[in-house]
Amino acid sequence: MSETMVDCRGLSCPQPVLRVKEELEKGAPFCILVDAQIAVENITRFLGHKGVPYAVSERDGSSLIEVKS
Amino acid sequence: MAFCKRAYKQNLVLFGGIIVGVLGAILVKLGNPANMGLCFVCFYRDIAGSLGLQMNPLVQYLRPEILGIFFGTFLSALVFKDFNPRGGSSPGIRFLLGMLIMVGGLIFLGCPIRAIYRMAGGDLSALGGLLGIPFGAYLGLLFLTKGYNLGASRPLPRWLTIIPLAFFGVLTILLGVKLWLATPYPFFSVKGPGAQHAPVLISLALGGLAGVIFQRSRLCLSGGFRDIFLFNDFYLLKGFLGILIGAFVANLFLGQFRPALVGPVAHGNLAANFLGMGLLGFAAVLLGGCPMRQLIMTWEANLDSFAAILGMFAGAGLMHNLGLAASPAGVSVNGWLALAVGYLLAFAIAWVFCQARATAKGGA
């Protein structure tokens with residue numbers, strides 16, 4: 001996979017969303033790795049607001065969010 | 001059906017807020033101090049007093065709501081698999097930020113939830129505090145967007161989760177011993193706000209219900225303002241609105257809505273209310289959640305949040321033992337000094353942990 005991977009595991013709220021916002025501004029597709037359900041909810045809500053398509057899957061006990069952008 | 005499901009999901013936090021608002025009004029009707037159905041600052045202070053960390057005889061009680069919220073959240077976190085043991089993200093700094101939350105909260109006399117309860121009960125002096133929350137959240141965000149970061153937490157072995165469990169388990173046992181054997185310790189106030197409380201089992205049960213709602217709805221007030229400033233997202237703030245509506249309507253029905261410039265267990269110094277709640281909001285955003293969320297995250301087995309909770313107990317002890325906490329009489333000179341020191345420390349922490357990330361980036 002050549003996409004950028006943003007590792008947000010262990011970050012306090014709202015840093016995962018801030019990192020996603022930063023990455024989104026670059027414009028390229030990327031993946032986010034998070035390990036808290038609340039971070040998944042915050043990030044997907046943010047992406048939904050922005051109208052950005054995404055897909056959530058499980059990977060080694062963490063959640064992987066693929067942002068198509 | 002799908003529409004209903006979506007509407008439920010999009011408004012879960014609003015419904016949660018309404019129930020919490022009504023719960024608060026009921027707890028007041030059943031004996032809790034006015035506009036204090038649930039208050040995470042006041043209740044931590046009362047528990048700190050009950051344990052002997054502060055000896056103000058008017059505010060000592062082992063608030064069963066907090067223990068009820070424990071059982072509710074813990075079960076909810078287990079059932080919904082939000083139970084995720086972790087820690088190691090600057091717990092010492094989080095302890096200190098917890099203390100700062102109490103400095104601000106005990107100058108205002110309440111947490112963000114009580115600020116809404118006060119407003120819903122007709123206490124107009126709460127407005128200063130309500131305006132202080134976005135001010136504090138904004139200060140925190142200035143640093144968050146500049147790279148403020150206390151470091152990532154790490155997964156912990158499951159057995160370490162026994163620590164917060166043991167702590168709150170001991171509190172529950174202490175409460176039981178006090179009730180059955182009428183022991184002198186833990187200390188319970190015989191007069192003042194500490195002596196006003198709903199029946200213990202009802203407090204426990206309603207606290208448990210509130211815990212499930214807090215845990216499931218992700219209600220977070222400092223987070224609500226944070227999301228508005230950062231993303232123009234009003235979702236979490238709906239919870240705020242829900243509590244206000246729920247508590248206001250319930251107060252009207254229960255005959256508890258009494259409009260006044262300054263309500264009970266409050267003071268009317270608007271500047272102190274604004275700046276006190278501002279410090280609480282600032283510290284809460286630096287921590288990643290308000291005093292309520294720290295408790296919920298503790299019971300999702302986040303030991304960093306547990307450090308913040310212990311800091312809040314310590315902060316309450318310090319504020320009362322040194323005579324810094326505000327009272328219905330107002331804020332003392334020393335109270336103002338404590339608030340100033342609180343802001344200085346919060347700015348120092350925010351600045352240092354921005355530099356830390358910048359240095360790490362530069363060095364990499």
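These values consider heavy atoms only, across backbone and side chains, with no hydrogens, waters or symmetry-generated copies. Numbered from 1 within each chain, the chains take letters A, B, ... in sequence-line order.
For the set B:Asp233, B:Leu236, B:Val285, B:Asn302, the entry with the most heavy-atom pairs within less than 4.5 Å of chain A is B:Asp233. Counting heavy-atom pairs closer than 4.5 Å to chain B, the top residue among A:Arg45, A:Gln37, A:Lys50 is A:Arg45. In terms of heavy-atom pairs under 4.5 angstrom with chain A, the leader among B:Gly288, B:Pro155, B:Gly87, B:Ser153 is B:Ser153. Across B:Met297, B:Arg154, B:Arg218, the residue that shares the most heavy-atom pairs under 4.5 angstrom with chain A is B:Arg218. Between chain B and the options A:Ser12, A:Ala36, A:Pro14, the largest number of non-hydrogen pairs under 4.5 Å is found for A:Pro14.
Scanning all heavy atoms of the two residues, the minimum distance from A:Arg9 to B:Ala152 falls at O-CB, 3.7 Å.
When heavy atoms are compared at a cutoff of 4.5 Å, A:Asp7 does not approach chain B at all.
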Exercise. Would you check, one step at a time, whether the test side-chain contact (heavy atoms from CB on, under 4.5 Å) holds for A:Gln15 with B:Leu150?
Key: CA-CA 10 Å; A:Gln15 283 159 26; B:Leu150 285 179; over 6 Å; no
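Here CG of A:Leu18 is found 12.5 Å from OH of B:Tyr148. Values are rounded to the nearest 0.5 Å.
Taking a 6.0 Å sphere around CZ of B:Phe15, one finds it holds more than 12 heavy atoms contributed by other residues, nucleotides or ligands.
A:His49 places none of its side-chain heavy atoms less than 4.5 Å from the side chain of B:Asn232. At least one side-chain heavy atom of A:Ile38 sits less than 4.5 Å from a side-chain heavy atom of B:Arg293.
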